[in-house]
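Let me begin by presenting the structure, written as structure tokens, before commenting on it.
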2 protein chains.
Amino acid sequence: MKKAGACDLKTCFLCQFSIPEWIAAVGDHKQHLSYKKNETIFQEGSPVKGIYFLYDGKVKVHKQWGPDKELIVRFAQKGDILGHRGLGSGERLYTVSATALEDTTVCYTDLAFFEASLKVNPQLTLKLMQFYADELQEAERKMRNLVHMDVKSRLADALLDISRLHNDIQFTISRQDLASFAGTTYETIYRNLQEFIQEKLIAVDGKSITILQEKKLKKYITL
Amino acid sequence: MKKAGACDLKTCFLCQFSIPEWIAAVGDHKQHLSYKKNETIFQEGSPVKGIYFLYDGKVKVHKQWGPDKELIVRFAQKGDILGHRGLGSGERLYTVSATALEDTTVCYTDLAFFEASLKVNPQLTLKLMQFYADELQEAERKMRNLVHMDVKSRLADALLDISRLHNDIQFTISRQDLASFAGTTYETIYRNLQEFIQEKLIAVDGKSITILQEKKLKKYITL
DNA sequence: ACAAAAATATGATCTAAATCATATTAAATC
DNA sequence: GATTTAATATGATTTAGATCATATTTTTGT
């Protein structure tokens, strides 16, 4: 991680929903930081020091289980907020880790300043609340999927989800990350990807995946 | 469902975090409603009309899957807010159902009034945001458990969770609800409960479950 | 109080997906 | 550019837990 130039004070969640008079204060307090591919931005279990806003790059938000198992909870990209799970009423420890999937730039605000921002900008609090509400809905939908859908359907859901995020039918992701996101193992993902390729619903070239038949993939989810 | 007497304007989330000048408006707008055991308070997929606050009784918050499968996302009790998942930015449909597990009293506020309350009371918005943050953390923890823990550990977690909620080592719950909460089937719960009884970690008498050795149950979770 | 419906109990069977094992290829790192 | 390390490929084996089947008990509606 190294410090980088100042940000434009327009793009991020914080600037977007703060009153104009507050933006100057934001400029004084926020820092631009950059991370290399695979670098950890923050670690599950460590104390929450601040909040991050993704400027550029891709980040995975994940929970660890033992030494070699994980669950990817979310992929974040430009504009997304990171580390906000620490704002709850419990102990101030990150409950997830964030790791850069490619070279990434974020801007960072310490917790005290962010909390002050919430007090000063009710609109910010409201938007953040709505953002949480959406994430909660999505988390619960995923929970239900984990319990009631088979792996192939969950993989279809994961592929569509990632495609939607990238706003592109083509994207790049490792099999292992796909497994951790769909809540299964590398081998099972490998086999089910093969099936989707056979069925011509997707095309794969190295780490690049292209969705060929979105409609048919979607059918797996409601079935 | 039938209308019941007015509420005390003190207990619920809404009253607790509204400024004093707003309480009168709350009194004018909120309604007390009562539901009999097994009655549906609101249904997944139907339009969000308002927000509920639990006054008395126990409620399960659950997602349906097909005609005969479900996932219980949360048990709610006195003071808890219900229906708030509808506050996100998406379509205004309930993403979960709420069903009374025993005779229950709630108070109800239509959505427009609740949203006005959020605008008027930044403190309310802030508290609600924190509440969401906590629920999100918990949902993500459960997701990880579903993926990486076996049923016995998830059952241990569910039992401890329910005990904590009731603030009592003894509580009452059907095997089917326990299964839906732990993300598994009735039969599997039945068998694992037998094991816990054999190991003398719990005692069961009809629908009543008593936790005998909390410590040992907890060990299942981190293992 | 009685019939119908729901919840519980328990064994037998089946299967999706995890685990194991090992070869190959690609990507970092020194 | 060579060497370690990580990611991918793919078959074989195992297993946890779902599903099925059926009997009994409890609850609930009329």
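To find a chain, count down the sequence lines: A is the first, B the second, and so on, and within it residues start at 1.
- Using a cut-off of 4.0 Å between Lys/Arg side-chain N and Asp/Glu carboxylate O, A/E195 and A/R191 are scored as not salt-bridged.
- Protein atom CD of A/Q194 is 9 Å distant from nucleotide atom P of D/dG11, rounded to whole Å.
- Using a 4.0 Å cut-off between charged side-chain N and carboxylate O, A/E214 and A/K218 make a salt bridge.
- Backbone-only engagement by B/K69 is indicated by non-hydrogen atom pairs under 4.0 Å involving sugar-phosphate atoms exclusively.
- If you take OH of B/Y186 and P of D/dC20, they are 17 Å apart, rounded to a whole angstrom.
- The listed nucleotides are D/dA9, D/dA18, D/dT28; the one nearest the side chain of B/K37 is D/dT28.
- Each of A/R154 and A/K207 lies near DNA chain C, and the nucleotide nearest A/R154 is the one positioned closer to the 5' end.
- With hydrogens and angles left out, the side-chain atoms of B/D150 and B/S153 include a donor and acceptor closer than 3.5 Å.
- Closest to the side chain of B/S174, out of D/dG17, C/dT8, D/dT8, is C/dT8.
- Between the CZ atom of A/R175 and the C1' atom of C/dT24 there is a distance of 14 Å, rounded to whole Å.
- OP1 or OP2 of D/dA18 has at least one side-chain nitrogen or oxygen of B/T185 nearer than 4.0 Å.
- The separation between B/D68 atom CG and C/dA5 atom P is 17 Å, rounded to whole Å.
- Under the 6.0 Å distance and 45° angle rule, A/K216 does not count as a cation-pi partner of A/F196.
- Within the 4.5 Å cutoff, the side chain of B/Y220 has no heavy atoms near those of the B/L159 side chain.
- Contact check, B/T188 against D/dA16: no side-chain N or O comes under 4.0 Å of OP1 or OP2.
- Separating the CG atom of B/L155 from the P atom of D/dA18 is a distance of 12 Å, rounded to the nearest angstrom.
- The distance from atom CD1 of A/I173 to atom P of D/dA6 is 19 Å, rounded to the nearest whole Å.
- Both A/E187 and A/D150 sit near DNA chain C, but only A/D150 has its closest nucleotide nearer the 5' end.
- Each of B/G183 and A/G206 was matched to the nucleotide of DNA chain D holding its nearest heavy atom; the match closer to the 5' end belongs to A/G206.
- Judged by distance alone with a 3.5 Å cut-off, a donor-acceptor contact links the side chain of B/R191 to the base of D/dT19.
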